[in-house]
Amino acid sequence: MPELPEVETIARTLGAEATGREILRVEVRDPVALFPDPAGFQALVTGRRIESVGRRAKLLLLDLSPLGGDGGARIAVHLRMTGRVFVLAPGMETDRTRAVLHLSGGQRLAFADLRRFGSMHAFPVGGSADIASWPFYASLGPEPLTMAADEFRARLGQGRARVKALLLDQSVVAGIGNIYADEALFRAGIRPDTSAGQIPPDKRDALFTAIQAVLTQAIAENGSSIRDYRDAHGHAGAFQNHFRAYGRGGQACLACGETMCVMRVAGRTSTYCPRCQPAPKN
DNA sequence: ATTTGTCCCTGCGGGC
DNA sequence: TGCCCGCAGGGACAAA
């Protein structure tokens with residue numbers, strides 16, 4: 001499942017290949033994947049050059065050059081669960097392809113998505129249809145790798161909301177999903193259902209440090225490949241080999257040997273060690 | 001007001 | 001062997 005490290009890896013591998021190329025044509029294979037709609041998407045991006053490829057939260061962002069004196073455009077790719085973005089080698093095809101961007105130099109970018117939850121969105125830069133007008137984008141909280149520790153402490157708040165629900169809430173902090181939430185909470189020794197209000201400042205700092213460490217190491221390992229995730233070259237990541245919590249329910253804790261437990265928090269399966277992550281005093 | 005549940009979609013693994 | 005069921009999960013949306 002692409003979270004921040006996976007999208008960051010795709011952005012880097014894709015940027016190295018696609019930067020500077022012009023979008024000649026958009027091949028629509030699944031019309032419901034494109035926003036505002038297939039015709040609007042094509043009109044917004046065709047004829048523009050890809051100036052850079054980046055990331056915001058779990059969104060892959062392609063910045064496109066101005067055309068006809070306008071302010072430029074951008075594409076946001078939301079991969080959701082099973083979305084993939086590939087640079088297609090000549091003659092190569094992919095399964096479950098929803099759209100193909102035909103670029104200059106004969107290059108093709110494929111957007112494939114088995115479960116079809118993902119989407120590609122095109123926006124003009126500036127004006128009322130700017131990406132800032134997209135409610136989801138506007139609601140995104142700060143990036144965990146660049147925000148300050150005191151802001152993270154403050155954003156957890158003093159309420160009864162469970163800490164894992166806050167980590168998964170993209171308006172609190174952006175880019176964390178179920179894998180990295182579980183991994184960070186394990187490393188910080190905090191049970192997922194702990195109310196934020198009863199986490200003292202030093203524990204908040206430990207959690208923030210754990211989040212940054214886990215995300216940084218995952219990026220260095222090119223992300224986690226459970227099943228579907230691959231980078232723009234089709235290569236798998238390696239951070240799944242470093243999981244200490246995610247998917248380890250019923251197995252021995254790597255720190256203390258206790259059997260790892262599973263609970264549901266915010267509708268998500270959450271794995272934790274009952275000894276290393278003691279029960280909150282609710 | 002917060003928070004929980006349902007839906008979207010498809011493949012896979014467990015159970016019988 | 002084969003079928004059925006539940007699970008995986010980000011986010012929109014509805015409901016309690």
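As a basis for the values below, the full set of heavy atoms in this structure was taken, side chains included, without hydrogen atoms, waters or symmetry mates. Lettering follows sequence order; numbering is per chain, from 1.
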Exercise for review: Whole angstrom is fine here: how far is it from CE in A:M81 over to P in C:dC7?
Suggested key: 15 Å
Check your understanding: Atom CG of A:L166 to atom P of B:dT3: distance rounded to whole Å?
Key -> 8 Å
Practice item. Applying side-chain hydrogen bond (donor to acceptor under 3.5 Å, both in side chains), name anything that partners A:T46, two or more places apart in sequence or on another chain. Key: none
Revision key, fill the gap. note: A:N178, atom CG; C:dG11, atom P; distance rounded to Å ~ 12 Å
Exercise for review: May I ask you to list the residues sharing a hydrophobic cluster with A:V100, side-chain cutoff 4.5 Å, ordered by chain and number?
Suggested key: none
Revision key, fill the gap. Connected to A:Y272, directly or through other members, by ILVMFWY side-chain contacts below 4.5 Å are A:M263, A:V265
Exercise for review: Calculate the interatomic distance between A:M263 atom CE and B:dT4 atom P; express it in whole Å.
Suggested key: 13 Å
Do any N or O atoms of the protein come closer than 3.5 Å to N or O atoms of nucleotides 6-12 of chain B, and which pairs are they?
{"unit_1": "B:dC9", "atom_1": "O4'", "unit_2": "A:R115", "atom_2": "O", "d": "3.3"}
{"unit_1": "B:dT10", "atom_1": "OP1", "unit_2": "A:R116", "atom_2": "NH1", "d": "3.3"}
{"unit_1": "B:dG11", "atom_1": "OP1", "unit_2": "A:R96", "atom_2": "NH2", "d": "2.0"}

Point to revise | Of residues 246-254 of chain A, the positions that come close to DNA chain C - non-hydrogen atoms, cut-off under 4.0 Å | key: A:Y246
Study note, to complete from the structure: To the nearest angstrom, the NZ-C1' distance between A:K164 and B:dT3 comes to 16 Å
Practice item. With axes from five pairs an end, tell me the bend angle of the helix from B:dT2-C:dA16 to B:dC16-C:dG2, nearest 10°. Key: 60°
**Study point:** A:R264 CZ to C:dG10 P, straight-line distance once rounded to whole Å
**Key:** 11 Å
Practice item. Using a heavy-atom cut-off of under 4.0 Å over every strand shown, decide if A:A161 touches base, sugar-phosphate, or nothing. Key: sugar-phosphate
Practice item. Examine C:dG11: is either OP1 or OP2 under 4.0 Å from a nitrogen or oxygen in the side chain of A:H78? Give yes or no. Key: yes
Review point. Among all residues two or more places apart in sequence or in another chain, which pass the ring-ring contact (aromatic ring centres under 6.0 Å, His included) test with A:F186?
Key: none
Practice item. State whether A:Q170 places a side-chain N or O below 4.0 Å from either non-bridging phosphate oxygen (OP1 or OP2) of C:dG11. Key: yes
Check your understanding: Looking at residues at least two apart in the chain, or sitting in another chain, which of them share a ring-ring contact (aromatic ring centres under 6.0 Å, His included) with A:Y246?
Key -> A:F243
Exercise for review: Would you indicate which nucleotide in C:dG10, C:dA12, B:dT3 comes nearest to any side-chain atom of A:E3?
Suggested key: C:dG10
Review point. Of all heavy-atom pairs between A:E258 and A:P274, which one has the smallest distance, and what is that distance?
Key: CG-CG, 3.6 Å
Review point. Who are the side-chain hydrogen bond (donor to acceptor under 3.5 Å, both in side chains) partners of A:Q217, not counting sequence neighbours?
Key: none
Practice item. Write down the distance between CG (A:D169) and C1' (C:dG11), rounded to a whole number of angstrom. Key: 11 Å
Revision key, fill the gap. The complete set of side chain to side chain donor-acceptor pair (under 3.5 Å) pairs with one or both residues in residues 74-83 of chain A, sequence neighbours excluded, reads A:D63-A:R74, A:T82-A:D113
Exercise for review: Spell out, as yes or no, whether a donor-acceptor pair under 3.5 Å connects the side chain of A:D182 to the backbone of A:I179.
Suggested key: no
Exercise for review: Run the numbers on A:R264 and A:T269 for side-chain hydrogen bond (donor to acceptor under 3.5 Å, both in side chains), then give the verdict.
Suggested key: CA-CA 5 Å; A:R264 282 189 87 80; A:T269 298; 3.2 Å; yes
Practice item. Starting from P on C:dG11, measure out to CG on A:L167 and report it in whole angstrom. Key: 13 Å
Review point. Reckon A:T82 touches a base, only the sugar-phosphate, or nothing at all at heavy-atom distances under 4.0 Å?
Key: nothing
Practice item. Starting from A:F123, walk the hydrophobic network (Ile, Leu, Val, Met, Phe, Trp, Tyr; side-chain heavy atoms closer than 4.5 Å) and list everyone else you reach, by chain and number. Key: A:L59, A:L61, A:I131, A:W134, A:F136, A:Y137, A:L140
Point to revise | Other ILVMFWY residues reachable from A:V125 by side-chain steps of under 4.5 Å | key: none
